[in-house]
Amino acid sequence: MTSDGVPQRAGNNLDPWYANYADRAAGFAASEVRALFAVASRPEVVSLAGGMPYVSALPQELITTAFERTMREQGPVALQYGSGQGIPSLREHILEVMSLEGIRASVDNVVTSTGSQQALDFVAKLFLDPGDVVLAEAPSYVGAMGVFRSYQASVVHVAMDDDGLIPEALRETIAHLRGQGRRIKFLYTIPNFHNPAGVTLSAARRPEILEICRANEILVLEDNPYGLLHFDEPAPDALRSMDPEGVIYLGSFSKTLAPGFRVGWALAPHAIREKLILAAESAILSPSSFSQLVVSEYLSQADWRGQIDAFRGVYRERKDAMVEALGEYLPQLSWTNPNGGFYVWVTLPDVLDSKQMLPRAVRELVAYTPGTAFFADGRGRHAMRLSFCYPTPDAIRLGIRRLATVVNGELDLLDTFAGTGTLQLPDRPGIELAPPTDLK
């Protein structure tokens, strides 16, 4: 206890400054996805874990040309501080990109950010107080849940199925939380080619979800990094296109161009837009003028729609390879079959635990993300996320074959120890096998 009566935490041998951290620092924790990268980056491991875009499908000359033109024609501007809201020319291009999903908006309501993750953080900073509730699909994006936890909010999951978020489940969850006197700040949703589930919110459900949120005065935070990466049919129009005043839309060039630029954006109602700009200026002064101008130059000169279509072909081939390999090597499991994006969600038998099984998978030189990473309440042990975006089709098939060795080995082991299988012993006449002496 300090002299003014404030409880004081003790330091420890690992961190002498532990007692000085703010309470919200307890919400920072390394995600299971981050912990996997050190292992998954080994060349002999087939990584089906991380959602890294296949940037090699982007012709290098397109980016080189954009770099050179930017420096030659706008070098002093590119290397200088810029507006907290972002470069006007890029925001004009962003409107053009969003128009492909039915969004009509003003350039004044677009705020650029260092990837959409930063925009997500700004929204959380503006709206979340300790103890507030964020509604999110079950499962949900691990990076978003980390942001919400850092602001000491609680994530409450809402059930979803192959058609996305279930409206009746949303109604019931809201009523239950309101009955407890809890304060719901917004619904966080990834409606298109969901991370991690791979499913898409159906066109029929979208207006119903929006009406439920309007009736309950709940803001909608629509995160849409994968929306243009469809395989067959495009996703339905964005939620933001149906409710400009009730939805904050987050977008990114990380999946449709390259994540290294770290350029994303938020499209927000006017009053919220003003506060987002203030949040950006207080955090970083301004996003990178250089990255924004290079992306703007690329969008001005290159056939960016054609390049997105090329990405679609790359990812469609990889998704097909993964689904076919699952059918061949692991037919006893079930999985989603996405029409776009990066991910397949695999459901395991109840007797398996994807988190406990991961070390054995790494020994077999394959990595995945355990389902527990995508739930705030400890669920997900009987599921895993497989990413098909980065490995080649041949590597994907090899990875699924190695995964089958792990899954089938675990099932055989459990079957044996449950007494429902036969433990085959070598036929060695004259040798009697005594029971072990070290059983505890």
Side-chain angles (χ1 to χ4, degrees), residues 29-54 139 142-143 146 195-198 318-319 321-336 342-375 378-426 433 436 438-440:
S31 74
E32 295 178 54
V33 176
R34 178 187 170 201
L36 281 170
F37 272 107
V39 172
S41 62
R42 290 161 44 193
E44 68 271 23
V45 175
V46 176
S47 176
L48 307 176
M52 296 183 295
Y54 189 67
V142 59
N195 177 8
R318 284 159 162 74
K319 188 270 293 192
M322 177 169 284
V323 170
E324 289 169 6
L326 286 167
E328 179 178 355
Y329 295 112
L330 287 165
Q332 72 272 38
L333 306 185
S334 61
W335 54 85
T336 56
F342 285 4
Y343 308 107
V344 169
W345 184 252
V346 177
T347 302
L348 301 168
D350 289 346
V351 294
L352 294 185
D353 185 321
S354 62
K355 190 172 183 178
Q356 291 185 2
M357 198 169 64
L358 184 58
R360 178 170 179 171
V362 172
R363 286 197 298 272
E364 293 291 337
L365 302 182
V366 63
Y368 58 82
T369 309
T372 50
F374 306 100
F375 289 90
R379 282 183 282 168
R381 291 187 176 277
H382 309 316
M384 62 175 66
R385 188 192 73 177
L386 302 182
S387 302
F388 53 79
C389 45
Y390 191 77
T392 65
D394 286 343
I396 288 170
R397 283 187 280 267
L398 174 61
I400 297 298
R401 192 173 71 206
R402 290 174 176 173
L403 182 61
T405 299
V406 176
V407 170
N408 291 328
E410 290 286 308
L411 289 173
D412 288 346
L413 186 65
L414 290 167
D415 188 48
T416 296
F417 279 93
T420 57
T422 301
L423 180 62
Q424 298 294 329
L425 299 177
L433 297 177
D438 59 349
L439 294 179
K440 303 293 186 186

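The first residue in the sequence is number 1, and the count goes up from there.
Between L348 and R381 the shortest side-chain heavy-atom distance does not fall below 4.5 Å. L352 has its side chain within reach of L414: a pair of non-hydrogen atoms, C-beta onward, lies under 4.5 Å apart. Side-chain contact check for V346 versus L330: every heavy-atom pair is 4.5 Å or farther apart. Taking 4.5 Å as the limit, some side-chain heavy atom of F374 sits within range of a side-chain heavy atom of N195. You'll find the side chain of T405 stays beyond 4.5 Å of the side chain of V366, heavy atoms only.
Residues G50 and S47 share a closest heavy-atom pair of N-OG, 3.9 Å. For the pair G371 and F375, the tightest heavy-atom approach, listed with the atom from each and the gap, is O-CD1, 3.3 Å. The nearest pair of heavy atoms linking Y343 to G51 is OH-CA, 3.4 Å. The two residues R402 and V46 come nearest to each other via the heavy atoms NH1-CG2, 3.4 Å. Contact detail for W335 and V323: the closest heavy-atom pair is NE1-CG1, 3.8 Å.
A distance-only check finds no donor-acceptor pair linking the side chain of R385 to the backbone of T369 [under 3.5 Å]. Counting only distance, with no hydrogens or angles, the side chain of Y368 and the backbone of A361 share no donor-acceptor pair below 3.5 Å. In this structure a side-chain-to-backbone donor-acceptor pair under 3.5 Å is present from S387 to A49.
With rounding to the nearest 0.5 angstrom, the CG atom of L411 is 10.5 Å from the OG1 atom of T416. Atom-to-atom distance recorded for R363:CZ and L358:CG is 10.0 Å, nearest 0.5 angstrom. Atom CG of L48 is separated from atom CZ of F388 by 11.0 Å, given to the nearest 0.5 angstrom.
Applying the side-chain contact (heavy atoms from CB on, under 4.5 Å) rule to S334 yields the partners T347; only residues at least two apart in sequence or on another chain are considered.
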Which donor-acceptor pairs under 3.5 Å do side chains of residues 389-400 form with protein atoms, sequence neighbours excluded?
residue	atom	partner	partner atom	Å
T392	OG1	A395	N	3.1
D394	OD1	R397	NH2	2.8

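Residue P370 is tested with M384, K355, M357 for a side-chain contact (heavy atoms from CB on, under 4.5 Å); the sole match is K355.
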